[in-house]
Structure formats: structure tokens, C-alpha cells
Amino acid sequence: CGEAGKAVAAKALSTHSSTVFSIIIPKLYFSSLGNSRIALCKISYTNPSSCIKGITERGSVFQFPTGGGINGNNLWHNEWVNLISLKNLFRAWQDFSAGKGNKLDVIEFESNLEDELLSLGNDLRSGSYVHGTYRTFLVHDPKRREIHTAGIRDRVIHRLLYNYLLPIFDRVWLDCSFSCRPGKGQHRSIECVERTIRQVTRNYTRAYWSVKCDIKKFFYHIDHEILFSLLCRRVFNPSIQSLLYKIISSWHYPATGRGI
């Protein structure tokens with residue numbers, strides 16, 4: 001993390017008599033947004049020399065972004081400003097609107113796109129962004145389902161957060177999860193099932209059993225606090241945490257007080 005960082009850590013450690021030394025170092029990730037993502041990582045050592053040695057060994061992993069110093073507030077601020085930049089808002093719009101060009105509400109939003117995105121960015125920067133209400137309708141595919149959909153403005157924010165969260169969580173998800181992931185999807189899942197069946201049946205020469213099941217009204221029963229706490233295990237920026245909570249708490253199923 002550089003000679004300056006090692007010197008600061010060494011000076012701080014030399015003033016402590018405790019047998020356990022802990023340091024907090026910003027860990028730098030690079031996301032698909034083209035920007036860096038910061039996470040604070042705590043490392044503990046039993047003595048100052050091993051602590052400095054640990055910093056040195058992790059020099060290629062733990063870095064201080066240029067100009068960021070060791071001020072955590074600067075790191076959070078820079079990441080937040082970059083996330084809600086017009087560039088990333090426009091990319092979120094492009095990703096969200098792909099294939100929806102014939103939708104009336106999408107057409108209306110796009111007719112005033114620049115002003116809409118600038119207004120959205122201003123609300124996010126000032127902290128005045130409030131999630132709108134949901135529209136409810138029924139579909140039959142084939143069973144009857146009640147759908148709740150947010151407005152276009154809010155769905156652009158949903159996509160912005162998806163773009164931010166994907167590189168964080170995609171690497172820890174199971175390979176057998178195919179929904180809403182680049183390079184996955186229905187066709188890949190069918191190919192995976194076909195390969196698995198061939199393997200367990202030894203090329204269709206043995207019988208096998210499969211179980212198809214579903215959790216009744218799963219999304220209606222998701223606990224907001226539990227979901228938020230799970231996100232905060234990997235998302236450390238207070239501004240992004242606040243936005244996530246606004247999204248999570250923007251709707252609940254009346255019968256349970258939960259749900260997304």
C-alpha cells in the first residue's frame with residue numbers, strides 16, 4: 001500500500017502496548033461500471049513487526065486510491081459521486097430500456113431523457129430522492145399472479161444498483177443459479193439440466209428421480225431487515241446502504257408487513 005501507508009501504520013502501532021494490533025485498510029475492487037469500489041478490511045496481528053510484514057505482503061492487494069489518502073469519508077464520497085454520475089445513470093437507462101422501446105411509459109420518459117436523468121442525479125446527490133409508488137396488475141403465466149411494478153424513474157435506480165452489485169455478488173453465487181446473470185439465462189440452464197441428466201443416468205441407461213418444488217409466495221415473505229443486513233456484509237458505503245434501504249423498504253405485502 002506504499003511506503004507512506006506503512007510509515008503511518010508503523011507510527012500508530014508503536015504507541016500501543018496491546019498484544020493484538022488491528023489495522024483498517026481500504027481494499028480496492030474494480031467493477032463493471034469502470035470505477036473502483038472500496039471496502040474497509042480489518043486485519044489483526046499479534047505484534048507490530050508481523051503487522052508491518054502483513055502490510056508489505058499485501059502491497060499488491062490493499063491499495064490507497066490516488067488522492068484518497070486514508071480518509072474513509074473521501075473514499076465513500078468519491079465512490080458515491082461516481083456511482084450516481086450522469087454516465088452511469090445513462091448506462092443504467094440503456095440497460096433497463098433495452099427491448100422496451102414500444103412501452104408508452106418508456107417512450108414518455110425517453111422524450112425528456114436528459115432532464116429526467118439530471119433531475120434524478122440531483123435528487124440522489126442532495127439526498128432528497130424518494131421512491132415512488134407501485135402499479136399493481138394481474139398476469140396469468142399460466143397461473144394467476146399479482147405483479148407490482150415501480151415507475152420508470154425508480155426502475156432506472158434499480159438497474160443502477162444492479163450494475164453496482166453484480167460484480168460484488170456474482171462471484172459468490174452458485175453456478176446453478178441462472179437468473180439475471182450475464183452469460184446465464186434459460187438456454188444455459190436447459191443445457192446444464194441436460195448435461196446433469198446424462199451424467200446421473202449414465203447416458204440414459206439408468207432411472208433417476210427429480211424433485212420440482214417452489215416456496216409459496218417467497219418474495220412476499222422476505223424480511224427487509226435481514227435482506228439489508230446481508231447486503232451490508234459486502235456493501236460498506238453509507239450512501240449506497242441508505243439508497244439500498246430506500247429501495248428495499250419501498251414496498252411490503254400488507255398481510256405480512258414484509259416482501260419485495
Side-chain angles (χ1 to χ4, degrees), residues 24 26-29 31-33 35-42 71-93 95-96 109 116-136 146-173 177 179-181 215 217-260:
I24 305 294
K27 186 174 182 180
L28 190 62
Y29 297 100
S31 75
S32 61
L33 296 177
N35 63 297
S36 60
R37 173 185 174 273
I38 307 300
L40 290 185
C41 303
K42 181 177 180 180
N71 188 332
N73 290 332
N74 286 342
L75 298 176
W76 301 148
H77 176 74
N78 293 340
E79 183 186 33
W80 172 245
V81 169
N82 186 73
L83 173 65
I84 63 175
S85 65
L86 185 59
K87 174 185 175 181
N88 282 328
L89 285 170
F90 182 68
R91 180 195 163 186
W93 159 257
D95 293 340
F96 157 74
F109 191 93
E116 291 282 5
L117 295 183
L118 286 172
S119 173
L120 195 51
N122 288 336
D123 286 352
L124 290 169
R125 278 188 293 275
S126 65
S128 61
Y129 168 76
V130 178
H131 197 286
T133 58
Y134 288 78
R135 181 172 63 92
T136 303
E146 188 177 71
I147 303 297
H148 307 272
T149 180
I152 300 299
R153 196 170 189 262
D154 299 313
R155 292 165 76 183
V156 172
I157 297 297
H158 297 177
R159 183 66 197 208
L160 181 75
L161 287 172
Y162 169 84
N163 289 345
Y164 172 82
L165 294 171
L166 180 64
I168 300 172
F169 286 94
D170 188 66
R171 56 199 174 115
V172 298
W173 284 334
S177 177
S179 178
C180 301
R181 299 175 69 183
I215 300 175
K217 296 189 179 298
F218 170 74
F219 289 103
Y220 281 2
H221 292 84
I222 292 178
D223 186 286
H224 290 177
E225 299 301 328
I226 294 175
L227 175 59
F228 181 65
S229 67
L230 291 173
L231 288 170
C232 288
R233 291 183 183 182
R234 294 182 179 273
V235 177
F236 306 98
N237 189 308
S239 296
I240 300 175
Q241 289 178 345
S242 176
L243 181 58
L244 284 168
Y245 194 78
K246 286 182 179 180
I247 302 300
I248 293 171
S249 60
S250 63
W251 184 86
H252 67 270
Y253 185 49
T256 64
R258 303 178 179 183
I260 58 173

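Note that the numbering runs from 1 along the sequence shown for the chain.
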Does a donor on one side chain and an acceptor on the other come within less than 3.5 Å for Y253 and E146? no

When every non-hydrogen atom of G127 is compared with those of K246, the smallest separation belongs to O-NZ, 3.6 Å

When rounded to the nearest 0.5 angstrom, what distance separates CG in L161 from CD1 in I240? 8.0 Å

Inter-residue atom distance I226.CD1 - R258.CZ, 0.5 Å rounding: 6.5 Å

Classify the ring geometry between F96 and W93 as parallel (under 30°), tilted (30 to 60°) or perpendicular (over 60°). tilted

Residues which pass side chain to side chain donor-acceptor pair (under 3.5 Å) with D95, listed by chain and number, not counting sequence neighbours: R91, N163

Would you check if the side chain of H224 reaches a backbone N or O of G259 as a donor-acceptor pair within less than 3.5 Å? yes

Below 30° counts as parallel, above 60° as perpendicular, anything between as tilted: where do the rings of W251 and H148 land? tilted

Rounding to 0.5 Å, atoms CD1 (I260) and CD1 (I222) come to a distance of 3.5 Å

When rounded to the nearest 0.5 angstrom, what distance separates CG in L120 from CZ in R125? 9.5 Å

Any donor-acceptor N/O pair, N122 side chain to L118 backbone, under 3.5 Å: yes

Just verifying a value: how many Å separate I248 CD1 and Y245 OH, rounded to the nearest 0.5 Å? 8.0 Å

With rounding to the nearest 0.5 angstrom, report the CG to CG distance, L89 to L83. 8.0 Å

With R181, which residues qualify under salt bridge (Lys or Arg N to Asp or Glu O under 4.0 Å), at least two apart? D170

So, does E116 use its side chain to make a donor-acceptor pair with the main chain of R153 at under 3.5 Å? no

Is the backbone N or O of I247 less than 3.5 Å from a side-chain atom of S250, with the two atoms forming a donor-acceptor pair by type? yes

Using modelled atom types and a 3.5 Å cut-off, is there a donor and acceptor pairing between side-chain atoms of D154 and backbone atoms of H131? no

Test item: Y162 side-chain N/O and C180 main-chain N/O as donor-acceptor pair under 3.5 Å: yes

Give the C-alpha distance, both sets of side-chain angles, the deciding distance and a yes or no for side chain to side chain contact (heavy atoms under 4.5 Å, CB included) between F236 and E79. CA-CA 11 Å; F236 306 98; E79 183 186 33; over 6 Å; no

Could you walk me through whether F228 and V235 satisfy the side chain to side chain contact (heavy atoms under 4.5 Å, CB included) test, starting with their C-alpha distance in whole Å, then the side-chain angles of each, then the deciding distance to 0.1 Å, before giving a yes or no? CA-CA 10 Å; F228 181 65; V235 177; over 6 Å; no

Quick check against the 3.5 Å criterion: does N237 have a side-chain atom that pairs as donor or acceptor with the backbone of W76? yes

Short question: side chain of N88, backbone of N82 - any donor-acceptor pair under 3.5 Å? yes

Quick check on F219: does its CZ atom have over 12 non-hydrogen neighbours (other residues, nucleotides or ligands) under 6.0 Å away? no

